[in-house]
Amino acid sequence: MEETSTMPDSAVPGPAPAVPPTPPVPLAALLAREDLGLRQIAGPQDSATVIHWAHTSEMADPYPYLLGGELLLTAGVHVPEAAGSGTYFDDYVSRIVEAGGAALGFGVAPVHDTVPRALVVACDDYGLPLVEVPPRTTFSGVARAVWQLMAQARHTELRRVTEAQQSLAAAAARPDPVPSVLRQLAQRVGGRAALYAPDGGEVASAGRMPTAGAGARGEVSGALAGLVAVVRPATGNGSGAGTGDVSAGSGAGTGKGPGGGGPTPSSASDTAAGVHLAAYALGTGQGFVLGVAAPRRDPGDHTIASVGAVLLSLLTGEHQSSTGAARSSALVRLLLGAAPEEVAPLLGGGERWVVVHARPDGPAPDAVTASALGAALGSALVDVDGDVVRVLVPAGRRELTVQPGWTCGVSAPVGPHEWAPADTQAGRALSRARATRARLVRHGEHQGLADLVPPTEAAAHARTVLAPITANPALTETLRTWLSLHGSWDRTAVALSVHRNTVRQRITRCATLLSTDLDDPDVRMELWFALRHA
């Protein structure tokens, strides 16, 4: 059936669309199929010519129906009788080339006994490969052959990518993971792979630059360094590796990246001296970039390089960065006896900190869940302690808000020398939050009557009052929780995760050891004062 068009003949479409996202098929592979009997009779015979589709059209102007990269098949039904003496074939071929068609297939019989000579000349003039389709070969047979070759290409590409993923993962598990991943990646693309530091310097590399001559190597190296600068975030906040792609021709680096005024891509590609270049920003937040140079761009290369970028992102993560090194240094200094206030600056915080205790609504937290909570709170100083996550957060970094799916207790802002008491405050605040079914409870910061007593005197009084039960932490904590919940047996049991009878027994035991009446409000007030300063 002949195609119809609602577009006026004089209409001029916009820029030619990109080729379909399908694996390309070499035209030479289609010509090699003996069952088809195809023969190229005009146009350049280039082994690099590929087709992405096979499309049949008998329109005099097929431009509106082409995506680009097709093998256009026609039997010449649209050709007028006097076409050979005018500019018909020149106009026809020029429109195919303008639309991005890869090749033209002309079916011999039943309309034409031979391929029109003027069409052969036009294809030679415009550089469009012209293929003669013999009478015994149907257009549907040609299209099916293209589909088969595409399926084979896709299978080969997937197998190559799968094998590369396995080898890159194995390399990442070696004792020298970063050099091993770079070596494996360079081997897979047949070129060179390099890791660049945030300052633009080359950290490690593997493979050889796929070019001959020192001058060409210098040109390619400079172009790759420029491409790396394009994808490196200006602020050092790396985006996810391989999540985007900015392809460009020569001079891809202009107008992008640091100071370029445009958005920073996570990956970009370019070509220099016939060498294909690509750069990938690693998702470490530290500005590391992977650069790859290959002699050609094969199907699957981008996927393979993206896998390498993801692995390198993990290997050059925060524990390898300057921030991670500072935290490690802080830990070592604490273990060797340094005071908390001495190591606090290494942790990236200010003079005041808060401790957050958080418990998830669902299963017990794992390292990934805890890290996600820490990121939401603005701190990587996270510890998983059973079913509770503890986070040390700089007080001035951001306002702590309710975190969906978590119940949180927050300490008062303290200096580094008070981290331990703040940890206790956060734990008590979490217990109160769970008992009162609140999402977030903060330790009180307001001034009260008890704050008028000097801390040393208050602590001495507390030790005296609570001496009979101090040796039993369970009694002390039960009394504290029970008093904070106004003597509620059920809510105290929930907060302490014990049975309500256990709470009754412990409170009775406290009353006995303290030789006091816990129903007396004055007694409760004095005990609460003592517990606050114990």
Side-chain angles (χ1 to χ4, degrees), residues 340 354-359 383 385-390 407-415 417-438 440-534:
V354 294
V355 177
V356 178
H357 279 213
R359 188 166 177 170
D383 172 51
D385 185 11
D387 57 358
V388 174
V389 177
R390 303 188 299 174
T407 300
C408 300
V410 183
S411 74
V414 298
H417 62 286
E418 296 177 302
W419 283 343
D423 182 52
T424 302
Q425 292 176 2
R428 294 171 183 167
L430 175 61
S431 296
R432 186 168 181 81
R434 295 186 63 230
T436 58
R437 293 179 173 83
L440 185 145
V441 169
R442 303 176 187 272
H443 182 80
E445 299 180 64
H446 63 279
Q447 292 288 326
L449 183 63
D451 297 311
L452 300 177
V453 181
T456 54
E457 296 182 17
H461 175 73
R463 286 193 296 271
T464 301
V465 172
L466 300 175
I469 62 173
T470 301
N472 193 330
L475 294 180
T476 304
E477 189 60 27
T478 300
L479 180 59
R480 184 194 315 278
T481 305
W482 183 75
L483 290 174
S484 71
L485 297 174
H486 310 291
S488 171
W489 308 107
D490 292 331
R491 289 195 293 169
T492 302
V494 171
L496 297 178
S497 299
V498 298
H499 194 275
R500 67 194 306 271
N501 289 341
T502 302
V503 175
R504 287 182 176 276
Q505 293 170 2
R506 291 179 181 177
I507 295 301
T508 301
R509 181 64 175 161
C510 288
T512 301
L513 292 175
L514 295 171
S515 301
T516 189
D517 179 10
L518 294 181
D519 290 330
D520 187 334
D522 291 333
V523 172
R524 290 192 182 191
M525 182 185 67
E526 185 173 359
L527 288 175
W528 180 248
F529 177 90
L531 287 167
R532 284 194 58 191
H533 294 85

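Note that the numbering runs from 1 along the sequence shown for the chain.
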Approximate separation, where rounding is to 0.5 Å, of L466 CG and C510 SG: 9.5 Å
Qualifying salt bridge (charged side-chain N to carboxylate O under 4.0 Å, His left out) pairs, either residue in residues 469-482, two or more places apart: E477-R480
Residues, nucleotides or ligands: over 12 heavy atoms within 6.0 Å of R524 CZ: yes
What side-chain donor-acceptor pairs closer than 3.5 Å can you find for residues 425-435, not counting sequence neighbours?
residue	atom	partner	partner atom	Å
Q425	OE1	A412	N	3.1
S431	OG	G427	O	3.2
R432	NH1	S484	O	2.4

Separation between CG of D387 and OG of S497, rounded to the nearest 0.5 Å: 7.5 Å
4.5 Å side-chain heavy-atom contact, I507 and L479: yes
Where at least one partner belongs to residues 483-524, residue pairs that pass ring-ring contact (aromatic ring centres under 6.0 Å, His included), sequence neighbours excluded: W482-W489
Contacts of D522 that satisfy side-chain contact (heavy atoms from CB on, under 4.5 Å) - sequence neighbours left out: D520
Ring pair (Phe, Tyr, Trp, His ring centres under 6.0 Å) partners of W528, counting only residues at least two apart: none
Pairwise side-chain contact, L475 with T478, heavy-atom cut-off 4.5 Å (strictly under): no
Matching residue for L485 among V503, D490, V494, T492 - test: side chain to side chain contact (heavy atoms under 4.5 Å, CB included): T492
Under the side-chain contact (heavy atoms from CB on, under 4.5 Å) test, residues paired with V465 that sit two or more places apart: H461, E526, L527, A530
Pairwise distance CG(L518) to OG1(T508) - rounded to 0.5 angstrom: 8.5 Å
Pairwise distance OG1(T470) to CG(L513) - rounded to 0.5 angstrom: 10.5 Å
Approximate separation, where rounding is to 0.5 Å, of R509 CZ and L514 CG: 10.5 Å
Interatomic distance, T424 atom OG1 to E418 atom CD [nearest 0.5 angstrom]: 12.0 Å
